[in-house]
Amino acid sequence: MKNVLITGGTSGIGLGIARAFAAKGYNLLINGLEPNGPEIAKELAAEHGIKVIHSPANLMQPEQIREMVALAERVLGQVDILINNAGIQHVAPVDEFPEDKWDAIISVNMSASFHAAKAVWPGMKTRGFGRIINIASAHALRASEYKIAYVTAKHGIAGLTKVLALEGAPHNITCNAICPGYVRTPLVEAQIADQAKAHQMSESDVIEKVMLKKQPVKQFVTIDAIANLALYLASETAGQLTGAMLPIDGGWSAQ
Ligand code: NAD
């Protein structure tokens, strides 16, 4: 069975994707900063009879990304599927946006995907198979105020996705981005509070008037929907689907 490396695989969307791939029998390396990462890995391995390892690599450190990929290659044998999912957010008007938050968001949400792709690339090229799936955002396609670093990084992921698709084409390496609208994860729970402050609104008004205002379907996107699309993109049959920015956003980007 193929092996998958998922960054940010110990929380929210990444953990949902890890569970979906585990249930299909894939072996996993799950990366993430949550302290219970090793327990999640053990639980998934026992439940599904697969190999799962956890890496607490800090994606702000390129050397740690390279070591994480080397660990996966050593313990699992190879990385067939890379899912660049880890992401962070900070919400503030541009003139108050802290420089260190800008640097961190560009590093985790954008540069880490380059370092991880570069590290898995030689193995994928040699074997003539690779699937790179970037969990981008509707903010890779559309902008919102107060999210200068996040929107910039996610638009950068659109460029990275397309270049990797072109360079991977001769080697059966595909690269696509999933662009979700709002999903109710710990990242969004934190934003509800931050947005309430930035917009000077109540938290329930932020959900209705800011977040779901942009999603005509008026529901949060489910983690299951994203995980199922990732499973399809990872499959052998998805070889012709490459370089695409795929929205699951309740109609947000149709506007
Ligand atoms: P989350 O906060 O639940 O999980 C983020 C994960 O990234 C965690 O496991 C965390 O440990 C990891 N992480 C953060 N910084 C890291 C670092 N420096 N090194 C290693 N790991 C790090 O968030 P989520 O909502 O599940 O988001 C996952 C991805 O989906 C992100 O890229 C996010 O931008 C994107 N996304 C989320 C939503 C949403 O509404 N939740 C919508 C669109 C896109």
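Numbering starts at 1 and runs along the sequence shown. Note that ligands are numbered from 1 as they come in the structure, with each ligand's atoms numbered from 1 the same way.
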All ring-ring contact (aromatic ring centres under 6.0 Å, His included) counterparts of Y146, not counting sequence neighbours =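 Partners of Y146 by the ring-ring contact (aromatic ring centres under 6.0 Å, His included) criterion, ordered by chain and then number, come out as H199.
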request  = Drop me the distance from L241's CG to Y232's OH, to the nearest 0.5 angstrom.
outcome  =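 So the gap between those two atoms works out to 5.5 Å.
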task = Could you tell me whether K2 sits above the aromatic face of F129, with NZ or CZ closer than 6.0 angstrom to the six-membered ring centre and within 45 degrees of the axis?
result =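 Pair K2/F129 counts as cation-pi.
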ask   = Where do A72 and V79 come nearest, in terms of heavy atoms and distance?
value =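 In terms of heavy atoms, the two residues are closest at CB-CG2, 3.7 Å.
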request  = Heavy atoms only: give me the nearest N31-A57 pair and the separation to one decimal.
outcome  =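 Heavy-atom minimum between the residues: ND2-O, 2.9 Å.
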request  = For a side chain to side chain contact (heavy atoms under 4.5 Å, CB included) with L28, tell me which candidate from I81, I40, V4, L76 qualifies.
outcome  =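 That would be V4; it is the only one of I81, I40, V4, L76 passing the side chain to side chain contact (heavy atoms under 4.5 Å, CB included) with L28.
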request  = Write down, by chain and number, every protein residue that brings a non-hydrogen atom to less than 4.0 Å from an atom of ligand 1.
outcome  =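 Contacts of ligand 1 under 4.0 Å: G8, T10, S11, G12, I13, N31, G32, L33, E34, A57, N58, L59, N85, A86, G87, I88, V108, I135, A136, S137, Y150, K154, P180, G181, Y182, V183, T185, P186, L187, V188.
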